[in-house]
*Asks:* 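The structure is given below, and queries will be raised subsequently.
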Amino acid sequence: MRKKQIVLRSLIVAILAVAGCTTSMFTWVALDTNDSAGEAEAFLLLLRERKTAEAYHDTTTAHFRALQTSQEFDKVMELLGLPLTYRLDVWRDRRLETNNRSRIRGTLIDLGGQDVKFTVDMVREQGDWQVNAFVDDDRSGVGPGAWFKQIPLRDDLNQLTGSTMKIFRESIETGDMSPFYNYMSDSFTIGITLERLQNAYQSYIDANHDLTGIELLAPTFQELPVFEDIGLGIDEEDFTTIEDVMILKGYYPLDPRPVPFKLSYVYEHPEWKLFQFQISEPTIAGLSPQDCILWLQTQENKDPAQCFDIELNRTQRGIITDSR
């Protein structure tokens, strides 16, 4: 009986010791990360108050500002939708500071309809804690700056597709697809050879379409840009999935015929790179009647007969009847 009591007392002492150590560890973590967490929250509070200039210039590291301009930072914040609604993880979930670095985790509340986990990477610079990176889990590890998985702003989408169409036009005009091939993402060039791309678009080159100025036009997007996961490969052993591919579908209102496209981009930090593409020869065949009418409004010749058979449409609507 006495032996059991001794064992029980020993277990109680051990449990109390572990509990004491755990409490001490939590307290140590809380104290150790208190300063860096406070500066991280100061940064977030500035964003909550829409003070992006102060957040950028006063609370970030020199490395942060070297790799992301204030204009780029403002665009990210605009897409996040200031003011930020967030919560930081409790101190029990933090890690100890190491080598003058500290990572403060938190959650952006209801961002695009869902909560998004984020990290504020803090660095001690000249004795003060500064923000070195502000990222979501999809951009974790890309380096200094504020980076989140986001559909770019409309002007940036226009610039992105415009750059694609410019290089495509120049390659078509010279009959050499190598500049366009070199413009593609690594994911594309791994899966297709230049020779195969050249052969696929040789008929486009031979048709001698005039694409002059296409990159200067604003594209019409027929669908909202979306993220999709794209599977590559046929056999199980070489099948792979490319995640978060941005899909853009629309047309360029070129005269005398629009140029439909479907462009897919993957993010290769710090920019979007073309992953897959379908750029049709100038035609209205791929446009719905509604899209065709929108295109027609940008043209000098606004004859609706270019978009659909007017007489057939009238007959179908009962406007024209048999007069016999």
Side-chain angles (χ1 to χ4, degrees), residues 67-68 72 75-76 79-81 103 105-119 121 133-154 156-165 167-168 171 177-201 204 219 221-251 260-280 286:
L67 295 182
Q68 184 175 56
E72 291 169 335
K75 286 181 181 179
V76 174
L79 287 168
L80 285 181
R103 301 178 75 243
R105 295 276 288 168
T107 304
L108 295 177
I109 309 301
D110 195 24
L111 183 65
Q114 62 181 348
D115 293 350
V116 174
K117 295 294 292 183
F118 69 84
T119 299
D121 181 20
F134 176 39
V135 296
D136 64 4
D137 289 351
D138 290 297
R139 297 289 183 261
S140 178
V142 299
W147 310 104
F148 286 76
K149 185 182 81 174
Q150 302 165 310
I151 298 292
L153 297 169
R154 178 58 185 263
D156 292 325
L157 289 177
N158 290 354
Q159 184 177 350
L160 179 62
T161 57
S163 297
T164 298
M165 297 305 296
I167 298 177
F168 177 79
S171 297
M177 295 301 293
S178 57
F180 191 72
Y181 184 81
N182 294 332
Y183 168 81
M184 302 291 293
S185 67
D186 293 339
S187 302
F188 178 90
T189 56
I190 289 173
I192 187 173
T193 64
L194 171 59
E195 181 181 12
R196 185 178 169 189
L197 177 65
Q198 184 75 37
N199 292 336
Y201 273 82
Y204 204 120
F221 294 110
Q222 296 170 288
E223 299 175 1
L224 290 175
V226 295
F227 288 118
E228 292 183 5
D229 294 343
I230 305 296
L232 298 177
I234 300 176
D235 299 326
E236 183 177 348
E237 56 270 17
D238 64 0
F239 189 85
T240 186
T241 299
I242 307 299
E243 297 182 346
D244 298 327
V245 180
M246 182 173 66
I247 311 295
L248 305 177
K249 183 178 180 182
Y251 62 90
F261 65 80
K262 183 177 181 181
L263 305 174
S264 304
Y265 295 87
V266 293
Y267 188 77
E268 294 180 359
H269 189 70
E271 59 187 352
W272 291 95
K273 300 282 287 186
L274 191 61
F275 169 61
Q276 291 178 337
F277 71 99
Q278 297 173 10
I279 301 176
S280 301

*Asks:* Heavy atoms only: give me the nearest Val76-Ala146 pair and the separation to one decimal.
*Replies:*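 For Val76 and Ala146, the tightest heavy-atom pair comes out as CG2-O, 3.5 Å.
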*Asks:* Counting only heavy atoms not in Arg196, do more than 12 fall under 6.0 Å of its CZ?
*Replies:*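 12 or below, so no.
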*Asks:* Side chain to side chain contact (heavy atoms under 4.5 Å, CB included), that's the test. Do Phe221 and Leu157 meet it? Break it down for me.
*Replies:* CA-CA 10 Å; Phe221 294 110; Leu157 289 177; 4.2 Å; yes
*Asks:* Measure the spacing between CG of Asn199 and OG1 of Thr193 and express it to the nearest 0.5 Å.
*Replies:*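 Output value for this atom pair is 8.0 Å.
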*Asks:* Return the minimal non-hydrogen interatomic distance between Met246 and Pro152, and the atom names on each side.
*Replies:*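 The pair with the smallest heavy-atom distance is SD-CD, 3.4 Å.
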*Asks:* Check whether any side-chain heavy atom of Ile247 sits under 4.5 Å from a side-chain heavy atom of Gln276, and report yes or no.
*Replies:*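 When only atoms from C-beta onward are counted, Gln276 and Ile247 do not touch, as no gap falls below 4.5 Å.
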*Asks:* With heavy-atom distances below 4.5 Å as the criterion, would you say the side chains of Phe118 and Leu80 are in contact?
*Replies:*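 Phe118 does not reach Leu80 side chain to side chain.
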*Asks:* Is the side chain of Gln222 donor-acceptor paired with the backbone N or O of Lys249 at a distance under 3.5 Å, no angle test?
*Replies:*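 No, the answer is negative, given that no donor and acceptor are paired below the 3.5 Å cut-off.
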*Asks:* Residues in side chain to side chain contact (heavy atoms under 4.5 Å, CB included) with Ile242, at least two apart?
*Replies:*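 Scan of Ile242 (side chain to side chain contact (heavy atoms under 4.5 Å, CB included), adjacent residues dropped) gives Ser187, Leu232, Val245, Val266, Phe275.
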*Asks:* Where do Ser171 and Pro179 come nearest, in terms of heavy atoms and distance?
*Replies:*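 Reported closest heavy-atom pair: OG-CB, 3.7 Å.
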*Asks:* Calculate, to the nearest 0.5 Å, the distance between atoms OG1 and CZ belonging to Thr119 and Arg139 respectively.
*Replies:*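 Taking OG1 in Thr119 and CZ in Arg139, the distance rounds to 14.0 Å.
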*Asks:* List for me each residue that meets side chain to side chain contact (heavy atoms under 4.5 Å, CB included) alongside Leu153, sequence neighbours excluded, and say none if there are none.
*Replies:*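 By the side chain to side chain contact (heavy atoms under 4.5 Å, CB included) rule, Leu153 matches Lys75, Glu78, Leu79, Asp156.
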*Asks:* Would you give the length of the straight line joining atom CG of Asn158 to atom CG of Leu248, rounded to the nearest 0.5 angstrom?
*Replies:*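 Spacing of CG (Asn158) from CG (Leu248) equals 10.0 Å.
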*Asks:* To the nearest 0.5 Å, what is the distance between CD on Glu72 and CH2 on Trp147?
*Replies:*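 The CD atom of Glu72 sits 5.5 Å away from the CH2 atom of Trp147.
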*Asks:* side-chain hydrogen bond (donor to acceptor under 3.5 Å, both in side chains): which pairs involve residues 108-117, sequence neighbours left out?
*Replies:*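 Every side-chain hydrogen bond (donor to acceptor under 3.5 Å, both in side chains) pair that includes a residue of residues 108-117, provided the two are not neighbours, is Asp89-Lys117, Thr107-Lys117.
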*Asks:* Which pair of heavy atoms, one from Ser140 and one from Arg103, lies closest together, and at what distance?
*Replies:*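 Here Ser140 and Arg103 meet closest at OG-NH2, 4.3 Å.
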*Asks:* Which residues satisfy the side chain to side chain contact (heavy atoms under 4.5 Å, CB included) test with Asp244, sequence neighbours excluded?
*Replies:*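 Asp244: side chain to side chain contact (heavy atoms under 4.5 Å, CB included) contacts with Asp138, Lys149, Phe227, Asp229.
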*Asks:* Examine Phe168 together with Tyr204 and report whether their ring centres are nearer than 6.0 Å.
*Replies:*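 Under 6.0 Å, so yes.
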*Asks:* Is it true that atom CD of Glu268 has more than 12 heavy atoms of other residues, nucleotides or ligands lying nearer than 6.0 Å?
*Replies:*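 For Glu268, atom CD is crowded (more than 12 foreign heavy atoms under 6.0 Å).
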*Asks:* Do Phe188 and Lys273 touch side chain to side chain, with heavy atoms closer than 4.5 Å?
*Replies:*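 Counting from C-beta outward, Phe188 and Lys273 never come under 4.5 Å.
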*Asks:* Going by the rule side chain to side chain contact (heavy atoms under 4.5 Å, CB included), which residues pair with Leu274 if we only count those two or more places apart in sequence or in a different chain?
*Replies:*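 Testing Leu274 for side chain to side chain contact (heavy atoms under 4.5 Å, CB included), a comparison that skips the adjacent residues, returns Thr164, Phe180, Tyr183, Met184, Leu263, Tyr265, Phe277.
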*Asks:* Would you say the side chain of Leu108 lies within less than 4.5 Å of the side chain of Asp136, judging by non-hydrogen atoms?
*Replies:*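 The answer is no; the side chains never approach within 4.5 Å.
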*Asks:* When you compare the side chain of Met165 with that of Pro219, does any pair of heavy atoms fall below 4.5 Å?
*Replies:*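 A side-chain contact is absent here, since even the closest heavy-atom pair is not under 4.5 Å.
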*Asks:* Suppose we screen for side chain to side chain donor-acceptor pair (under 3.5 Å). Which residues come up paired with Asp186, at least two apart in sequence or across chains?
*Replies:*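 Not a single residue meets the side chain to side chain donor-acceptor pair (under 3.5 Å) criterion with Asp186.
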*Asks:* Any side-chain heavy atom of Ser264 within less than 4.5 Å of one from Ile230?
*Replies:*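 Side chain of Ser264 against side chain of Ile230, heavy atoms only: no contact under 4.5 Å found.
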